[in-house]
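Data block below; observations after.
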Amino acid sequence: MTGISIFFTVLFYLASIVFIVGMARKIYQYWVTPAPLKIPTAPTPLTKTGVYMRMAREVTLFESLFKSNKWTWLFGWMFHIGLFLVLIRHIRYFWPGEIPEIFLLTQPFKYAAFAMVIGLVGLIGRRIFVERVRYISAPSDYLMLLMLLIIGVSGVVMTFTTNHTDVVMVKDFASGLITFNWADMPTEIQWVIHLLMVIVLIAIFPISKLLHVPGIFFSPTRNQVDDARRRRHISPWALEQEANNDEKLGQTLGKDNN
Amino acid sequence: MADEYEVPELPTYIEIPDINEGIMDGEGPFKSSEEFQAPLGFPGEKVENWKEKAIDKMADLKSKYRSVQVFLDMCVKCGACTDKCHYFLGTSDPKNMPVARQDLFRSVYRRYFTFSGKYFPKLVGAKELDDEMLDDWYNYYHQCSQCRRCSVFCPYGIDTAEISMAAREVLDVVGVGQKYCNQILGKAVTVGNNLGLPEPALRDTLVDLEEEVEEDTGVPIKYPLDQKGSEILLVTPSADFFAEPHIDGLIGYGKVFHQDGVTWTLSSYASEAANFGMFIGSYDVMRKAALRIRKAALDLEVSRIIVGECGHAWRVAYSFWNTLSGVGSGASDEFALKLQNQLDSRYPQPQHIIEYTYNLIQEGKIEFDKSENDHRTVTFHDSCNVARATNMGGIPNGQFILPREVIKSVCNNYVDMERGTIMESTFCCGGGGGLLTDDLMEIRIKGAMPRMQALKEVEKSDGVDTLAAICAICKSQFTKVLPKFDFDPYMIVSVHQLVSDAIVLEKPEGSDSEVEESTEVTEE
Ligand code: SF4
Ligand code: SF4
């Protein structure tokens with residue numbers, strides 16, 4: 001194997017470990033941190049099914065964002081749906097050997113890359129030119145969009161221009177990562193950059209705002225059923241506090257007249 | 001005093017302002033002192049090791065509240081919420097944009113609790129917690145009415161109210177409390193209501209009220225206090241006992257109860273529905289206040305608990321009581337079980353007075369002479385806490401439907417304000433979340449602008465001259481700010497004032513008015 005292939009193979013595994021361990025820790029943290037009070041935001045679902053529907057609409061259609069700001073919605077949705085389709089299409093590279101026929105259907109998904117790139121350009125533009133959004137942006141917010149844009153553009157370059165890379169080699173390399181059957185990767189600059197950015201993004205996932213991906217499923221204003229009167233909702237710490245604290249509460253928080 | 005502030009002009013539609021950094025910088029509201037801090041268990045002044053204590057408290061809060069932890073992590077700075085806060089629209093101070101308000105807290109969280117913030121603070125906008133930052137917290141977290149409008153529009157439901165409650169709790173713990181809220185809470189958890197009205201004063205007021213109403217209507221309507229064995233315990237904001245226009249709402253509740261023929265009572269021990277514990281973010285204080293109501297319900301042996309017109313009170317009652325004190329179903333401690341046995345399970349517990357009146361209307365148990373309200377054209381202001389954090393009637397969006405149905409049953413002329421400013425998108429009155437104090441008058445006036453703008457539009461297009469609300473804070477706030485925007489301060493009414501004006505009361509036999517009526521009939 002070439003030095004650069006070894007380097008990226010190692011880097012890929014390191015990033016993956018950071019990703020898996022980091023995400024597991026974060027998700028565990030969200031899981032065990034109780035939401036002590038019922039705080040769903042209107043329009044609230046009154047049943048569990050309602051919550052599933054609401055969540056489904058949020059993650060597939062970005063319902064709240066649509067209500068909020070049509071341009072941000074348009075660019076944001078284009079980017080996310082584009083990324084999603086492109087990712088599905090990428091399965092072929094990681095699949096060891098012949099891909100099942102069904103994946104041939106994903107061939108046209110390559111055009112989704114344009115949606116992704118256009119969306120990203122829109123989002124960057126908004127961040128730079130809308131004063132309010134510029135005010136709340138930190139350098140990392142621009143960098144992250146930039147990285148995604150580089151990933152998108154380098155992908156487009158490899159797919160739609162004559163600057164192709166050796167797809168067979170990419171597939172051997174990528175599927176080799178999965179099967180621990182390591183292989184050399186191509187060395188064209190567009191490919192190397194593409195890969196590097198992806199690896200960085202994977203690594204920073206659990207320590208950045210990319211946590212919105214698992215986070216939304218834990219968002220109490222979105223995932224709670226509005227049934228407080230019918231069902232008692234109480235957190236373990238509050239129950240414990242109730243058991244131990246009642247007397248203390250009486251002593252510390254003012255004295256009753258009665 | 002308020003006149004010295006520049007009152008925003010009302011545009012025909014709301015434009016998103018250009019940002020003006022630092023325009024609402026300041027000291028914030030009056031600070032609390034030992035006298036008001038101590039009864040709540042908070043230090044009287046900024047403690048020596050405040051920074052350490054604040055960071056500890058942040059760690060504690062984010063481990064107790066999933067909302068805080070998740071919201072701090074997942075904001076993507078998309079900016080969708082930036083133009084949703086009435087305080088930003090009214091002041092143009094960028095720190096009043098919801099995400100920027102959260103960032104005051106988030107930047108500190110990042111600095112002390114995250115890898116990227118510890119090692120690359122500049123890159124991710126992480127900041128030290130210093131005196132300046134704490135001052136900013138105090139100032140800008142008291143320019144948030146915890147109305148949750150931002151949460152509706154955030155793609156992840158990030159609720160700035162949760163962050164502002166957390167920040168206020170941290171401030172309280174290090175001894176930098178707000179006078180207004182903490183002084184009131186002291187009275188609420190000792191005397192039983194926010195005004196500090198003791199039982200005799202309350203009794204006098206109610207006796208006066210009975211006389212007044214009987215004089216007015218010829219019907220001996222009772223406003224009972226501490227009547228053991230009544231069917232219904234009414235818990236209402238104490239403003240209803242004294243303030244205008246609140247008291248006309250209280251008169252209305254009494255008339256409705258009277259027509260239904262139920263026995264009901266107020267409690268002197270729990271004479272307050274409002275619960276400012278929520279505003280300061282303290283679970284303990286909030287619970288303490290809520291427990292008084294449970295105790296009153298047990299002592300008075302009532303079978304139903306009904307809550308009067310108050311926004312955040314209804315949030316606490318509807319969404320939190322069952323959690324805090326087991327009013328509702330499912331709690332298992334001794335008192336809660338006793339209460340569950342005692343309360344009538346055919347009704348939701350607690351119930352809102354609007355739900356109660358609405359049901360009576362549906363059942364045809366009360367009648368109205370709608371023409372009594374013909375001199376008015378009414379619009380309804382959805383109070384944020386009712387609109388965004390509760391439900392009524394157990395039907396989807398019931399909290400928007402029921403009050404409107406009640407209003408439409410009692411008056412002929414009803415118009416809604418623009419859709420983007422009502423229901424779940426309602427604009428706050430500008431005085432919620434513990435901001436209803438004179439030392440915050442500037443932000444109250446400026447924050448009222450978006451609501452006033454929508455009101456101006458229906459005034460122009462439909463001649464609206466009455467603004468109905470079901471929240472004590474909204475009513476007080478509007479009374480103050482309406483005249484600033486060239487409205488009649490008396491145009492704000494309780495929904496139950498409209499009910500009160502139109503309800504047809506059964507007169508007792510042989511009374512004067514009965515005779516008058518019969519003569520009228522013979523004349524015809
Ligand atoms: S809408 Fe939500 S995610 Fe977007 S900036 Fe505001 S708080 Fe952050
Ligand atoms: S909760 Fe209301 S007042 Fe507070 S930031 Fe959000 S919109 Fe503004």
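Basis for what follows: all heavy atoms, side chains included, without hydrogens, waters or symmetry-related copies. So you know, we letter chains A, B, ... as the sequences are listed, proteins then strands, and number each from 1.
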Given a strict heavy-atom distance threshold of 4.5 Å, which part of [X] is in contact with chain A: side chain, backbone, both, or neither?
{"X": "Pro198(B)", "result": "neither"}
{"X": "Lys64(B)", "result": "both"}
{"X": "Phe71(B)", "result": "side chain"}
{"X": "Ala100(B)", "result": "both"}
{"X": "Phe115(B)", "result": "side chain"}
{"X": "Tyr283(B)", "result": "side chain"}
{"X": "Lys122(B)", "result": "backbone"}
{"X": "Met286(B)", "result": "side chain"}
{"X": "Ile395(B)", "result": "backbone"}
{"X": "Asp73(B)", "result": "both"}

Is any side-chain heavy atom of [X] closer than 4.5 Å to a side-chain heavy atom of [Y]?
{"X": "Ile39(A)", "Y": "Phe320(B)", "value": "yes"}
{"X": "Gln241(A)", "Y": "Asp284(B)", "value": "yes"}
{"X": "Arg148(B)", "Y": "Thr221(A)", "value": "yes"}
{"X": "Asn223(A)", "Y": "Arg66(B)", "value": "yes"}
{"X": "Arg132(A)", "Y": "Phe88(B)", "value": "yes"}
{"X": "Met74(B)", "Y": "Ser219(A)", "value": "yes"}

Check your understanding: So, the side chain of Thr41(A) versus the backbone of Ser151(B): is there a donor-acceptor pair under 3.5 Å, distance only?
Key ->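 No, the answer is negative, given that no donor and acceptor are paired below the 3.5 Å cut-off.
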
Check your understanding: So, Glu131(A) side chain and Asp18(B) main chain: donor-acceptor pair closer than 3.5 Å or not?
Key ->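 No; zero donor-acceptor contacts below 3.5 Å.
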
Might you point out which heavy atoms bring [X] and [Y] nearest each other, and give the distance in Å?
{"X": "Ala138(A)", "Y": "Val124(B)", "value": "CB-C, 3.8 Å"}
{"X": "Tyr156(B)", "Y": "Ile216(A)", "value": "CD2-CD1, 3.8 Å"}
{"X": "Val152(B)", "Y": "Lys67(A)", "value": "CG1-NZ, 3.9 Å"}
{"X": "Pro34(A)", "Y": "Ser63(B)", "value": "CD-O, 3.8 Å"}
{"X": "Ala42(A)", "Y": "Ala387(B)", "value": "CB-O, 3.2 Å"}
{"X": "His212(A)", "Y": "Val76(B)", "value": "ND1-CG1, 3.2 Å"}

Rounded at 0.5 Å granularity, tell me how far [atom1] in [X] sits from [atom2] in [Y].
{"X": "Leu324(B)", "Y": "Arg232(A)", "atom1": "CG", "atom2": "CZ", "answer": "8.5 Å"}
{"X": "Asn69(A)", "Y": "Phe153(B)", "atom1": "CG", "atom2": "CZ", "answer": "10.5 Å"}
{"X": "Arg229(A)", "Y": "Trp321(B)", "atom1": "CZ", "atom2": "CH2", "answer": "11.0 Å"}

Chain B contact via [X] - side chain, backbone, both or neither, heavy atoms under 4.5 Å:
{"X": "Asp226(A)", "result": "both"}
{"X": "Ile136(A)", "result": "both"}
{"X": "Leu143(A)", "result": "side chain"}
{"X": "Trp71(A)", "result": "neither"}
{"X": "Pro36(A)", "result": "both"}
{"X": "Glu58(A)", "result": "side chain"}
{"X": "Glu63(A)", "result": "neither"}
{"X": "Tyr135(A)", "result": "side chain"}

Review point. Does Tyr111(A) OH have over 12 foreign heavy atoms under 6.0 Å away?
Key: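 At most 12 heavy atoms, drawn from other residues, nucleotides or ligands, come within 6.0 Å of this atom.
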
